[in-house]
Student: 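Submitted below is the structure of interest, expressed as structure tokens.
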Amino acid sequence: MEDMEHNKAPSVIDRYYTRWYKTDIKGKDCEDQCVLQHSNRICVITLAESHPILQNGRSIKSINYQISAGCSRLHNRVSGKSKRGGQFLTEFAPLCRITCTDGVEYTIYSCIRGRLLEVNEDILERPELLLGKPSTEGYIAVILPKIEESKTVTNGLLSREEYESVVSKRTKSTQPEPQPEPEPEPC
């Protein structure tokens, strides 16, 4: 009898999007993010599985799209086929700030250059979506790269395999070295 897992259909995300990763953003250990790139150029920004927010049963106190006194990602409005009016973002443009109940605040960045199409307002009222379904209902934002940059937008990002290798090396470096067993005492 064949394994049921083997016959399981891929998810919509796995079928239609390519996963790219940005690790240790701005030199902050493990603050990894994922960019889901669709064939139509649209990119969905999410937290990577290894991000500290998704680790150790953390809870979210607040999510804030107000980047500065004069800039709120919530005020972004696009219109028309070419999505005019959307805020243009560089790869290190902050999208939001997430504060956990332990008081630690994380800034989530765009990771790519492009026009901000939308932010996920659902996570403001239901932050558990970010924790439980970070790649789907708990996404952070949707960005559309310029046509001329659509092929190079993922330069500087890691493939799934490269990301898994980075995470694996981190895990190995945080595990204590196995200690040799002491020799038995002679009788």
Side-chain angles (χ1 to χ4, degrees), residues 9-26 28 31-51 53-54 60-99 105-160 162-163:
S11 71
V12 170
I13 298 296
D14 292 332
R15 183 178 291 173
Y16 297 111
Y17 290 84
T18 303
R19 292 176 188 262
W20 298 97
Y21 295 87
K22 186 82 170 172
T23 56
D24 302 330
I25 294 180
K26 291 203 159 192
K28 296 181 180 176
E31 290 194 26
D32 306 337
Q33 290 177 223
C34 179
V35 176
L36 302 172
Q37 184 184 39
H38 194 275
S39 60
N40 67 3
R41 295 188 355 248
I42 287 180
C43 295
V44 179
I45 309 302
T46 70
L47 296 179
E49 301 88 8
S50 57
H51 197 285
I53 292 173
L54 303 177
I60 295 174
K61 178 181 175 185
S62 66
I63 299 170
N64 190 354
Y65 284 109
Q66 184 76 37
I67 302 307
S68 65
C71 180
S72 173
R73 302 297 183 211
L74 289 171
H75 297 140
N76 185 65
R77 298 289 175 249
V78 296
S79 64
K81 187 176 177 181
S82 61
K83 307 302 180 200
R84 281 188 277 289
Q87 298 169 9
F88 188 79
L89 305 171
T90 61
E91 68 179 288
F92 289 114
L95 291 171
C96 69
R97 291 190 176 82
I98 301 172
T99 306
E105 182 179 273
Y106 298 93
T107 300
I108 308 304
Y109 297 93
S110 62
C111 300
I112 59 171
R113 292 170 42 90
R115 191 164 306 282
L116 181 63
L117 298 185
E118 71 175 68
V119 294
N120 185 0
E121 295 183 41
D122 292 342
I123 62 175
L124 294 173
E125 294 186 23
R126 296 181 52 212
E128 66 274 5
L129 291 174
L130 183 64
L131 298 171
K133 300 177 179 184
S135 293
T136 56
E137 295 172 58
Y139 71 95
I140 305 292
V142 179
I143 298 173
L144 181 64
K146 290 181 177 180
I147 280 184
E148 60 270 14
E149 294 180 3
S150 62
K151 298 282 190 235
T152 60
V153 74
T154 57
N155 290 356
L157 299 179
L158 303 177
S159 69
R160 177 87 185 200
E162 292 167 325
Y163 166 72

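Small disclaimer: the values here were computed from a predicted structure and weren't measured.
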Student: Could you tell me which non-hydrogen atom of Pro134 sits nearest to which non-hydrogen atom of Leu54, and how far apart they are?
Tutor: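 Distance-wise, the nearest heavy atoms are CG-CD1, 3.9 Å.
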Student: For residues Val35 and Thr154, determine if any side-chain heavy atom of one lies less than 4.5 Å from a side-chain heavy atom of the other.
Tutor: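 When only atoms from C-beta onward are counted, Thr154 and Val35 do not touch, as no gap falls below 4.5 Å.
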Student: List for me each residue that meets side chain to side chain donor-acceptor pair (under 3.5 Å) alongside Tyr21, sequence neighbours excluded, and say none if there are none.
Tutor: Arg160
Student: Distance from His51 atom NE2 to Thr46 atom OG1, nearest 0.5 Å?
Tutor: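 Between atom NE2 of His51 and atom OG1 of Thr46 there are 10.5 Å.
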Student: So for atom CZ, which belongs to Phe88, do other residues, nucleotides or ligands contribute more than 12 heavy atoms lying within a distance under 6.0 Å?
Tutor: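 Yes, because the 6.0 Å sphere around CZ of Phe88 holds more than 12 heavy atoms from other groups.
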Student: Hey, is CD on Glu148 packed in by over 12 heavy atoms from elsewhere, all under 6.0 Å?
Tutor: yes
Student: Return a table of donor-acceptor pairs under 3.5 angstrom between the side chains of residues 109-117 and protein atoms on other chains or two or more places apart.
Tutor:
from   : atom 1 : to     : atom 2 : distance (Å)
Ser110 : OG     : Thr90  : O      : 2.5
Ser110 : OG     : Glu91  : O      : 3.4
Ser110 : OG     : Ile112 : O      : 3.2
Arg113 : NE     : Glu149 : OE1    : 3.2
Arg113 : NE     : Glu149 : OE2    : 3.4
Arg113 : NH2    : Glu149 : OE2    : 3.0
Arg115 : NH1    : Gly86  : O      : 2.7

Student: What distance separates Gln87 CD from Asn76 CG, expressed to the nearest 0.5 Å?
Tutor: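 Going from CD on Gln87 over to CG on Asn76, the span is 4.5 Å.
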Student: Applying side chain to side chain donor-acceptor pair (under 3.5 Å), can you list everything that pairs with Glu31, at least two apart in sequence or on another chain?
Tutor: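 For Glu31 there are no side chain to side chain donor-acceptor pair (under 3.5 Å) partners, ignoring immediate neighbours.
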Student: Has Arg41 got a side-chain atom pairing as donor or acceptor with Ile143's backbone, closer than 3.5 angstrom?
Tutor: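 Answer holds: no.
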Student: At what distance, to the nearest 0.5 angstrom, does CG of Asp24 lie from CG of Asp32?
Tutor: 5.5 Å
Student: Check the side chains of Tyr139 and Glu118 for a donor-acceptor pair under 3.5 angstrom, ignoring hydrogens and angles.
Tutor: yes
Student: For a side-chain contact (heavy atoms from CB on, under 4.5 Å) with Ile98, tell me which candidate from Ile140, Ile123, Asn64 qualifies.
Tutor: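 The single option meeting the side-chain contact (heavy atoms from CB on, under 4.5 Å) with Ile98 is Ile140.
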Student: Any chance you could measure Tyr106, atom OH, to Ile25, atom CD1, to the nearest 0.5 Å?
Tutor: 13.0 Å
Student: If you measure from CG on Leu129 to OG1 on Thr136, what distance do you get to the nearest 0.5 Å?
Tutor: 8.0 Å
Student: Okay, side chain of Ser159, backbone of Glu162: is any donor-acceptor separation there less than 3.5 Å?
Tutor: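 Here the side-chain-to-backbone pair exists.
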Student: Ring pair (Phe, Tyr, Trp, His ring centres under 6.0 Å) with His38: which residues, sequence neighbours excluded?
Tutor: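 Here the qualifying residues are Tyr17.
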Student: Yes or no on ring pair (Phe, Tyr, Trp, His ring centres under 6.0 Å) for His75 and Tyr65, after CA distance, side-chain angles and deciding distance?
Tutor: CA-CA 9 Å; His75 297 140; Tyr65 284 109; over 10 Å; no
Student: Are Ile13 and Leu36 side-chain neighbours, meaning at least one heavy-atom pair lies under 4.5 Å?
Tutor: yes
Student: May I ask you to test the Pro145-Cys43 pair for a side-chain heavy-atom distance under 4.5 Å?
Tutor: yes
Student: May I ask you to test the Tyr163-Glu49 pair for a side-chain heavy-atom distance under 4.5 Å?
Tutor: yes
Student: Just checking Arg97: does its CZ atom have more than 12 heavy atoms from other residues, nucleotides or ligands closer to it than 6.0 angstrom?
Tutor: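 Counting neighbours around CZ of Arg97, more than 12 heavy atoms of other residues, nucleotides or ligands fall under 6.0 Å, so yes.
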Student: Looking at Lys22 and Gly156, what are the two nearest heavy atoms and their distance?
Tutor: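 Nearest heavy atoms, Lys22 then Gly156: NZ-O, 3.8 Å.
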Student: CG of Asp122 to CD1 of Ile63: how many Å apart, nearest 0.5 Å?
Tutor: 10.5 Å
Student: Going by heavy atoms in the side chains, are Val142 and Ile45 under 4.5 Å from each other?
Tutor: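 Val142 does not reach Ile45 side chain to side chain.
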Student: Between Thr107 and Pro94, which heavy-atom pair has the shortest distance, and what is it?
Tutor: CG2-CB, 3.7 Å
Student: Does a side-chain heavy-atom distance below 4.5 Å link Arg73 with Leu89?
Tutor: yes
Student: What are the two closest non-hydrogen atoms of Ile67 and Cys96, and how far apart are they?
Tutor: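 Looking at all heavy atoms of both residues, the closest pair is CD1-N, 3.8 Å.
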Student: Would you please name every residue forming a side chain to side chain donor-acceptor pair (under 3.5 Å) with Glu121, sequence neighbours left out?
Tutor: none
Student: Listed by chain and number, what are the side chain to side chain donor-acceptor pair (under 3.5 Å) partners of Ser62, not counting sequence neighbours?
Tutor: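 Ser62 satisfies side chain to side chain donor-acceptor pair (under 3.5 Å) with no other residue.
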